[in-house]
Amino acid sequence: MVISIDFDGTVVEHRYPKIGEEIPHATETLRKLMADGHKLVLWTVREGRLLDEAVEWCRERGVEFCAINETLRADTNEHSHNTRKIDADIYVDDCNIGGRFDWDIVYHMIHDNLTYYDIIREAKREAKREAVEAAASQPKKKRGWFGF
C-alpha cells in the first residue's frame, strides 16, 4: 500500500519553519509500516533547505521515503497530466476531518484494514464494557430497614 505522510503537525509538532518535537510514536509507527512492506511518500509544503532538513530528520530516525512530494506510481494514462496531487492509497495528515489520530490508532487502522467508523464503534464498545464492569464492581447500597 502507498501511504502519503504529511510532516508538520503529523510527524512533528507544528513549529514551521523549525522542526518541532516528534509526535509520540510517529517514527516508530512509520518504521513498522515500512517493515510491513508499505511504501511511504512524504507529502509536505516544505521545499529546498527546509525539505532537506525534514528528510534528513526522518532518515536519522530510520524512516526512508520512497518518494518525496511526488507520486510514486507511474501513470500509464496517455492523457494524464501533473495534477500536483500525490497518488496514494491512504493519506495521514493532521488536517483530516476529525484531525489526526494517535499513531498507535493509525497503525491499527492500516494494519487491520479498519475505517474511522470501525475505530469509533470499537471505542464505544470498549467504553460500554468498562462502564458495565465499573457498575458491577460498585458495592450495593443499603436501602433501609426493610430494603425499601
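Both tests hold for R61 against W57: distance to the six-membered ring centre under 6.0 Å, angle to the ring axis within 45°.
Here NZ of K32 is found 8.5 Å from NE2 of H111. Values are rounded to the nearest 0.5 Å. Between L40 atom CG and S4 atom OG the span is 9.5 Å, to the nearest 0.5 Å. The structure places CG of L114 at 5.0 Å from CD1 of I119, a figure rounded to the nearest 0.5 Å.
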### Task
Step by step, work out the salt bridge (Lys or Arg N to Asp or Glu O under 4.0 Å) result for R31 and E28.
CA-CA 5 Å; R31 288 190 305 272; E28 172 189 353; 5.7 Å; no

### Task
Report the C-alpha distance between R49 and D52 in whole Å, list the side-chain angles of each, state the deciding distance to 0.1 Å, and finish with yes or no for salt bridge (Lys or Arg N to Asp or Glu O under 4.0 Å).
CA-CA 5 Å; R49 181 183 55 79; D52 294 341; over 6 Å; no

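Residues T10 and I23 form no side-chain contact, since every pair of their non-hydrogen atoms from C-beta on lies 4.5 Å or further apart. E122 is listed as a side-chain neighbour of H108, based on a closest heavy-atom distance under 4.5 Å. For the pair D104 and H25, the minimum side-chain heavy-atom distance is 4.5 Å or more. Contact of the I5 side chain with the L30 side chain is registered, since non-hydrogen atoms from C-beta on lie closer than 4.5 Å. Under the 4.5 Å side-chain criterion, counting only non-hydrogen atoms from C-beta, I3 is in contact with V92. Counting only heavy atoms from C-beta outward, the side chains of E64 and R59 approach each other to under 4.5 Å. Looking at heavy atoms from C-beta onward, Y116 lies in side-chain contact with M109 at the 4.5 angstrom threshold. Side-chain atoms of C58 and F65, non-hydrogen and from C-beta on, do get closer than 4.5 Å to each other.
Residues I110 and M34 are members of one and the same hydrophobic cluster, defined by side-chain heavy-atom contacts under 4.5 angstrom among Ile, Leu, Val, Met, Phe, Trp and Tyr.
In the displayed structure, E133 atom CD is contacted under 6.0 Å by more than 12 heavy atoms of other residues, nucleotides or ligands.
Ring centroid separation for the pair F7 and W43 does not come in under the 6.0 Å cut-off.
No donor-acceptor distance shorter than 3.5 angstrom exists from the side chain of D8 to the backbone of G20, with no hydrogens or angles considered. Within the 3.5 Å criterion, the main-chain N or O of L33 finds no donor-acceptor partner in the side chain of D36. No side-chain donor-acceptor contact under 3.5 Å links Y107 to the backbone of D112. Between the E22 side chain and the T27 main chain, a donor and an acceptor come within less than 3.5 Å of each other.
Pairing each heavy atom of V11 with each of D6, the nearest pair is CG2-O, 3.3 Å. Taking both residues in full, the closest heavy atoms of R46 and A54 are given as CD-CB, 3.7 Å, listed atom of the first, atom of the second, then distance. Closest non-hydrogen pair, G9 versus D94, comes out as O-CB, 3.2 Å. Heavy atoms only, all atoms of each residue included: I90 and M1 are closest at CD1-SD, 3.1 Å. In plain terms, the two heavy atoms of T44 and N69 that are nearest each other are N-OD1, 2.8 Å.
Side chain to side chain, D89 and H38 fail the donor-acceptor criterion of an N or O pair below 3.5 Å.
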